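Everything on this sheet refers to the single structure shown next.
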Amino acid sequence: MIFLVLGFVIWLYSIKHLQKSFLWFLVYKVFLVTNINLLSLPGIPILSLDMSLTLWFFFWIFKRRKTMNLCSRKMPYTRPMIFLFFSYFISTIFAIAGFGSAFSAYLKDIVNFFLTPWMIWKIVDTEEDFAFVIKRLVIAFMITCIYGLVESVIQENPLVAYETTLVTDTTRTVDFRYEIDEFRGYRVQSVFEHPIGAGINWAMFAMLMCFIMLQNNKKYFVSQRKKYLATMLLCFFCMLLSNCRGPILFVLIAFVGLIDFKNKKFYYMAVCGLVIGAFLCAIMPENYLNIILSIFNPEYQNKVGGSNAEMRFEQMAAALTIVESSPVLGLGYKFSYALNNAYTRALLGLESMWLRIIVQFGMLGVLANIYWAFYSLRVIPKRYKERRIFWFSLAYWVTASLTSVPGMLHYLYYFIIFYFIKQKKFACEYKR
C-alpha cells in the first residue's frame with residue numbers, strides 16, 4: 001500500500017509541477033519492481049506502477065513539449081532506437097504467441113529503451129536538475145545498501161516476499177530469489193528485482209560517484225563529500241554481496257574511463273582503491289573471492305557454479321535451431337508460451353542479450369542491436385568527445401553479452417551517460 005500511496009503523491013504533484021515531479025519519479029523508480037502493480041488480473045497484462053506513471057509522464061510531456069522548457073537538442077540515441085522500435089514491432093506482429101500476448105512485453109521494452117530515455121534527455125537539462133536527482137539518488141541508494149546489509153545478515157528478504165503477495169494473478173509473480181547454494185552462499189537482492197540487476201545497479205551508481213569525485217567544481221558534491229564517499233563504498237561492498245560476476249566485470253571495464261594521469265585526484269583514488277581492495281581480499285570469505293578470481297581464471301569456475309563457456313555454446317546452438325523457422329523476424333516475445341521442447345529448455349533463461357535477440361527478433365533484431373551498439377561505442381563518444389561514455393557503454397555491452405541483466409535499471413544507465421554528455425555544456429556555461 002505504501003508504494004501506491006507514494007505513487008499517488010507523485011501523480012498528484014505532477015498535475016501542477018510536471019517537470020519537478022518527474023525528477024522525483026526518477027528517484028522513486030529505484031524502488032519500483034514489476035510486482036508493485038495497479039492491475040494484475042488473469043488474462044490481462046500486468047500494469048505495474050512504474051509503467052503507469054511512465055506512460056502518464058510521457059503523455060503529458062509529449063503533449064506540452066512545445067510550451068515546456070525542454071532540451072532543444074535531439075536525443076542522441078534517436079536513430080538506433082527508432083530502428084529498434086520498428087524491428088521489434090514487426091517481430092511482435094508475427095509473434096508465435098500472438099500479437100495480443102506479445103504486445104505487453106513489447107510495450108515494456110519501448111518504455112524502458114525509448115520513452116524513458118527520451119524524457120530524461122528532455123527534462124533533465126540543467127546542472128541544477130542533475131544535482132537535484134543525484135542528491136536524492138544518494139539517499140535512495142544508501143537505503144538500498146543498508147537494507148542489503150540487513151538482508152545479508154538475516155539471509156532473507158522480507159520486502160521481496162511482501163511484494164510477491166501484491167500480484168493477484170500468482171502465476172505471473174516475479175520472484176528471482178535464490179536458494180542458498182554450496183558454492184556461492186546467499187545472494188543479496190535488496191529492493192531490486194534480481195541479484196544480478198542489484199549488483200549492476202550498485203556498480204553503476206558507485207561509478208557515477210567515482211566520476212563526480214574526480215571533478216573539482218561540483219558544489220553539490222563538495223558540501224556532502226562524506227555522504228557521497230560512504231554511499232560509493234557501500235555500493236561497491238553490496239555489489240560483492242550480490243555474489244555475481246557480471247557487476248564486477250562491469251566495474252572493471254567502466255573503471256578504465258576513470259583513468260586520468262593529469263588529475264591528482266585519480267592517483268589518490270587509485271591508491272585508496274588498491275588499499276581497500278587488498279584489505280577486502282584479505283578478510284573476504286572464500287566464496288566471494290572465488291567469484292572475483294573466476295573472471296580471470298576458468299579453473300575457479302567449478303568453485304562458483306553457474307554458467308560457463310560450454311553452456312553458452314550449447315545455448316547458442318539451441319537458439320539457432322529454434323529460430324530456423326523464422327530466421328529474419330524471430331519468434332517474438334513470449335515465444336516459450338507457444339513453444340515448449342528440448343531446445344527451449346536448453347536455452348536456460350537466455351543468459352545473453354544476443355541469445356534473446358536471435359530467438360525473439362531474428363536477424364532484423366540482431367542488425368538493429370548492432371547498429372545500437374555502434375552508436376553507443378563509436379558515434380556518441382566521438383560526437384561528444386567523451387571517453388567515459390565509451391568505457392561505460394562498453395561495460396554494459398560486454399556484460400549484457402556475457403550474461404543476462406534482469407533487474408538492471410536501464411534508465412539509470414542513460415541518466416549517467418546523459419550526465420557525461422551535458423557536462424560539456426555545463427563547463428562552457430561555468431567558464432562564461
Side-chain angles (χ1 to χ4, degrees), residues 1-63 101 103-120 123-124 132-133 136-137 139-141 143-144 147-148 157-177 189-194 197-198 200-201 205 333-334 405-415:
M1 180 61 71
I2 183 64
F3 294 108
L4 297 182
V5 171
L6 292 174
F8 177 75
V9 171
I10 290 176
W11 171 79
L12 200 62
Y13 186 53
S14 71
I15 295 176
K16 287 191 175 181
H17 305 279
L18 186 61
Q19 291 180 251
K20 184 68 74 173
S21 61
F22 179 74
L23 301 183
W24 275 110
F25 178 53
L26 293 180
V27 179
Y28 190 42
K29 278 174 68 70
V30 171
F31 303 95
L32 295 181
V33 296
T34 304
N35 289 332
I36 301 173
N37 65 89
L38 293 179
L39 186 67
S40 58
L41 300 176
I44 300 176
I46 290 180
L47 178 61
S48 68
L49 179 60
D50 187 8
M51 173 78 75
S52 60
L53 285 173
T54 301
L55 293 175
W56 165 267
F57 278 110
F58 177 75
F59 174 80
W60 286 108
I61 291 172
F62 187 79
K63 185 176 181 179
S101 178
F103 183 75
S104 61
Y106 168 75
L107 180 61
K108 183 177 181 180
D109 270 1
I110 293 304
V111 166
N112 286 334
F113 297 111
F114 187 82
L115 302 188
T116 302
W118 180 83
M119 288 190 289
I120 293 174
I123 295 292
V124 191
F132 181 92
V133 176
R136 286 149 185 83
L137 282 177
I139 297 173
F141 270 88
I143 293 172
T144 68
Y147 183 72
N157 196 319
L159 177 62
V160 172
Y162 163 71
E163 290 171 349
T164 59
T165 67
L166 301 178
V167 183
T168 305
D169 182 3
T170 56
T171 61
R172 292 184 292 174
T173 299
V174 177
D175 189 355
F176 288 117
R177 285 176 293 175
Q189 182 174 340
S190 188
V191 305
F192 304 108
E193 206 157 79
H194 193 286
I200 291 178
N201 296 335
F205 196 71
Y333 292 98
K334 300 183 179 180
V405 289
M408 175 183 171
L409 299 175
H410 286 91
Y411 87 92
L412 181 62
Y413 168 79
Y414 286 107
F415 176 86

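Here the structure is a predicted model, which is why all the values come from computation and not from measurement.
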### Partner set under side chain to side chain contact (heavy atoms under 4.5 Å, CB included) for Thr173, not counting sequence neighbours
Asn35, Thr164, Val167, Thr170
### Task
Establish, yes or no, whether the cationic atom of Lys29 lies under 6.0 Å from the six-membered ring centre of Phe415 and within 45° of the ring axis.
no
### Message
For Ser190 versus Val160, what's the shortest heavy-atom pair and its separation?
### Response
O-CG2, 3.7 Å
Let me check something: any side-chain donor-acceptor pairs from residues 405-413 under 3.5 Å, sequence neighbours excluded? List them with distances.
unit_1	atom_1	unit_2	atom_2	d
His410	ND1	Met408	O	3.4
Tyr411	OH	Leu26	O	2.4
Tyr413	OH	Ser393	OG	3.4

### Query
Any side-chain heavy-atom pair from Tyr147 and Leu159 closer than 4.5 angstrom?
yes
Show me the donor-acceptor pairs within less than 3.5 Å that the side chains of residues 9-16 make with the rest of the protein, sequence neighbours left out.
unit_1	atom_1	unit_2	atom_2	d
Ser14	OG	Trp11	O	2.5
Ser14	OG	Trp56	NE1	2.9

### Criterion side-chain contact (heavy atoms from CB on, under 4.5 Å) on Val111 and Leu55, from CA distance to verdict
CA-CA 8 Å; Val111 166; Leu55 293 175; 3.9 Å; yes
### Query
For Gln19 and Leu23, what are the C-alpha separation, side-chain angles and deciding distance, and is it a side-chain contact (heavy atoms from CB on, under 4.5 Å)?
CA-CA 7 Å; Gln19 291 180 251; Leu23 301 183; 6.0 Å; no
### Query
So, for Ile61 and Trp118, which heavy atoms are closest and what is the spacing to 0.1 Å?
CG2-CZ3, 3.8 Å
### Query
How about Leu4 and Leu49: do any of their side-chain heavy atoms sit closer than 4.5 Å?
yes
### Task
Specify the closest pair of heavy atoms between Asn112 and Pro117, including all atoms of both residues, with the distance to one decimal.
O-CD, 3.4 Å
### Query
Any sub-3.5 Å donor-acceptor pair from Gln189's side-chain atoms to Glu193's backbone N or O?
yes
### Query
Between Asp50 and Tyr28, is any side-chain donor less than 3.5 angstrom from a side-chain acceptor?
no
#### Entry: OG1-CG distance between Thr144 and Asn201, expressed to the nearest 0.5 angstrom
8.5 Å
### Query
Hey, mind stepping through Ile123 and Phe57 against side-chain contact (heavy atoms from CB on, under 4.5 Å) and telling me if it holds?
CA-CA 11 Å; Ile123 295 292; Phe57 278 110; over 6 Å; no
### Summary
In this structure, NZ of Lys108 is separated from CZ of Phe113 (nearest 0.5 Å) by 9.5 Å
### Query
Does the side-chain contact (heavy atoms from CB on, under 4.5 Å) test come out yes or no for Val174 and Val33, once each step is laid out?
CA-CA 9 Å; Val174 177; Val33 296; over 6 Å; no
### Task
Tell me, yes or no, whether the heavy-atom count around Phe59 atom CZ, taken from other residues, nucleotides or ligands under 6.0 Å, exceeds 12.
yes
### Task
Identify the heavy atoms of Phe132 and Trp24 that sit nearest to each other, and give their distance.
CZ-NE1, 3.3 Å
### Query
For Thr34 and Ser48, which heavy atoms make the closest approach, and how far apart are they?
O-CB, 3.9 Å
### Query
For the atom pair CZ (Phe192) and CG (Asn157), what is the distance rounded to the nearest 0.5 Å?
11.0 Å
### Task
Measure the acute angle between the ring planes of Tyr162 and Phe3, then classify it against the limits of 30° and 60° as parallel, tilted or perpendicular.
parallel
### Nearest atoms (heavy-atom pairs only) where Val30 meets Leu137
CG2-CD2, 3.7 Å
### Query
From Phe31 CZ over to Glu163 CD, what is the distance, rounded to the nearest 0.5 angstrom?
11.0 Å
### Atom pair CH2 (Trp60) and CE (Met119), whose distance is rounded to the nearest 0.5 Å
14.5 Å
#### Entry: Spacing of Leu32 atom CG and Ser52 atom OG [to the nearest 0.5 Å]
9.0 Å
